[in-house]
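To start, the structure under review is shown below, and the notes come after it.
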Protein chains: 2
Amino acid sequence: MKDAISVLRECHIQPTPQRIAVVDYVLNTRAHPSADEVLEHARKKCPTVSRATVYNTLNLMVKKGLLKTQLLKEGTVFFDPNMGKHHHFIDNETGDIYDIPWDHLQITEKERLKGFEISEYQVIMRGRRKKK
Amino acid sequence: MKDAISVLRECHIQPTPQRIAVVDYVLNTRAHPSADEVLEHARKKCPTVSRATVYNTLNLMVKKGLLKTQLLKEGTVFFDPNMGKHHHFIDNETGDIYDIPWDHLQITEKERLKGFEISEYQVIMRGRRKKK
DNA sequence: TCATCGTATTAGAATAAGTCTAAAATTAGA
DNA sequence: TCTAATTTTAGACTTATTCTAATACGATGA
Ligand SMILES: [Mn+2]
Ligand SMILES: [Mn+2]
Ligand SMILES: [Zn+2]
Ligand SMILES: [Zn+2]
């Protein structure tokens, strides 16, 4: 459970009630919320927060290295508080997004990828989560 | 070099001049064009084709299994005529998208991904193409 | 305590990708 | 050639996101 105020202070971002509400939700979820989902949750703690401030705060957090964006579905960006390397699985039926731990897969370069300087990569998997 | 008219006939899609222009470009490129890029190229062969028809045709091609959509950059969908399994590399500086052959990487499940029924997956890599 | 000034927030306008609509054009078939 | 079905089209609409410019806030120092 990360403390929003401390995190903001450490990043030299003024902790306003709006930012606290955003950070408190988005850094303490294991989901991959869209901006609209963040807005919805942040309003529980700070009912007046605006959409613009949510976008401002999320974009600032990405710039400060507190969040990553993920392109997993058409039409919206998802914000990911899990900053460690990991892969993703998307359930095609429910739309649910799951984190797959980095060490559960091993990627080996069988043919040298000459000319490509890879700075990051991940595996994106789609399918369905087996019901229990 | 695929023949647009034959491809359309095989898929039971009426080959109109507009569709021929779209198919002729998108099935014979190794790029990953956006709808707007397809429109631009299709207009060279059929100058009157509309944006709506380009979208209609591309979506129809996806439904018929002639194209796949790829989510590789924020804000736009890219259409991929390479229907075989492959991975992608995106040059962060130029935005260029490269296909990486399937057998150049080997993905091994080190930890069994219990409960996930994977129907498709790919590795998405980002970085920069080395000059030269 | 108050005034000041830079920072933050806001509503709503603007943008841009993509879809929808309904009228006009084209096509296939009798 | 006539007709009905299919296709195309311009432009309206939707939706995610960014921009704008006016307002509110808040730390600071007199
Ligand atoms: Mn592609
Ligand atoms: Mn958009
Ligand atoms: Zn994640
Ligand atoms: Zn490809």
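Quick note on labels: first sequence line is chain A, next is B, and so on, each numbered from 1.
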Scan [range] against DNA chain C and write down, sorted by residue number, each residue with any heavy atom closer than 4.0 Å; if none is found, say none.
| range | value |
| --- | --- |
| residues 27-35 of chain A | none |
| residues 49-57 of chain A | A:Val49, A:Ser50, A:Ala52, A:Thr53, A:Asn56 |
| residues 19-26 of chain A | A:Arg19 |

List for me each residue that meets ring-ring contact (aromatic ring centres under 6.0 Å, His included) alongside B:Tyr25, sequence neighbours excluded, and say none if there are none. B:His41
Partners passing side chain to side chain donor-acceptor pair (under 3.5 Å) against [X] (at least two apart in sequence or in another chain):
| X | answer |
| --- | --- |
| B:Glu117 | A:Arg128 |
| B:Thr48 | none |
| B:Lys45 | B:Asp24 |

Please write out which residues are connected to B:Ile118 in a hydrophobic cluster, directly or through intermediates, given that two of Ile, Leu, Val, Met, Phe, Trp, Tyr count as joined at side-chain heavy-atom separations below 4.5 angstrom. A:Phe89, A:Tyr98, A:Ile100, A:Trp102, A:Leu105, A:Ile107, A:Leu113, A:Phe116, A:Ile118, A:Tyr121, A:Val123, A:Met125, B:Phe89, B:Tyr98, B:Ile100, B:Trp102, B:Leu105, B:Ile107, B:Leu113, B:Phe116, B:Tyr121, B:Val123, B:Met125
Nearest-Å distance, [atom1] ([X]) to [atom2] ([N])?
| X | N | atom1 | atom2 | result |
| --- | --- | --- | --- | --- |
| A:Leu8 | D:dG26 | CG | C1' | 16 Å |
| B:Arg43 | D:dT8 | CZ | P | 14 Å |
| B:Glu37 | C:dG18 | CD | P | 11 Å |
| A:Ile13 | D:dG26 | CD1 | P | 17 Å |
| A:Phe78 | D:dT17 | CZ | C1' | 14 Å |
| B:Leu60 | C:dT19 | CG | C1' | 15 Å |
| B:Asp36 | C:dT15 | CG | C1' | 14 Å |
| A:Glu74 | C:dA17 | CD | P | 13 Å |

Would you indicate, yes or no, if [N] has its OP1 or OP2 atom less than 4.0 angstrom from a side-chain nitrogen or oxygen of [X]?
| X | N | answer |
| --- | --- | --- |
| B:Gln18 | D:dT9 | yes |
| A:Thr16 | C:dT9 | yes |
| B:Gln14 | D:dT6 | no |
| B:Thr48 | D:dT8 | no |

Just list the side-chain donor-acceptor pairs under 3.5 Å for residues 56-67 of chain B, sequence neighbours left out, or say none.
| residue | atom | partner | partner atom | Å |
| --- | --- | --- | --- | --- |
| B:Asn56 | ND2 | B:Ala52 | O | 3.3 |
| B:Thr57 | OG1 | B:Thr53 | O | 2.8 |
| B:Asn59 | ND2 | B:Tyr55 | O | 3.3 |
| B:Lys64 | NZ | B:Cys11 | O | 3.2 |

Got a donor-acceptor contact below 3.5 angstrom from the B:Asp96 side chain to the B:Asp91 backbone? no
Side chain of A:Thr69, backbone of A:Val77: donor and acceptor closer than 3.5 Å? no
Would you call A:Arg43-A:Glu40 a salt bridge at under 4.0 Å N-O? no
Can you work out whether B:Pro17 or B:Thr76 has the more 5'-proximal nearest nucleotide on DNA chain C? B:Thr76
Sequence neighbours left out, what passes side-chain contact (heavy atoms from CB on, under 4.5 Å) with [X]? Give chain and number order.
| X | value |
| --- | --- |
| A:His88 | A:His32, A:Gln70, A:Leu72, A:Asp80, A:His86, A:Ile97, A:Asp99, A:Gln122 |
| B:Thr16 | B:Gln18, B:Arg19 |
| B:Gln106 | A:Thr108, A:Lys110, B:Thr108 |

May I ask you to say what A:Asn59 touches in the nucleic acid, namely base, sugar-phosphate or nothing, with a heavy-atom cut-off under 4.0 Å? sugar-phosphate
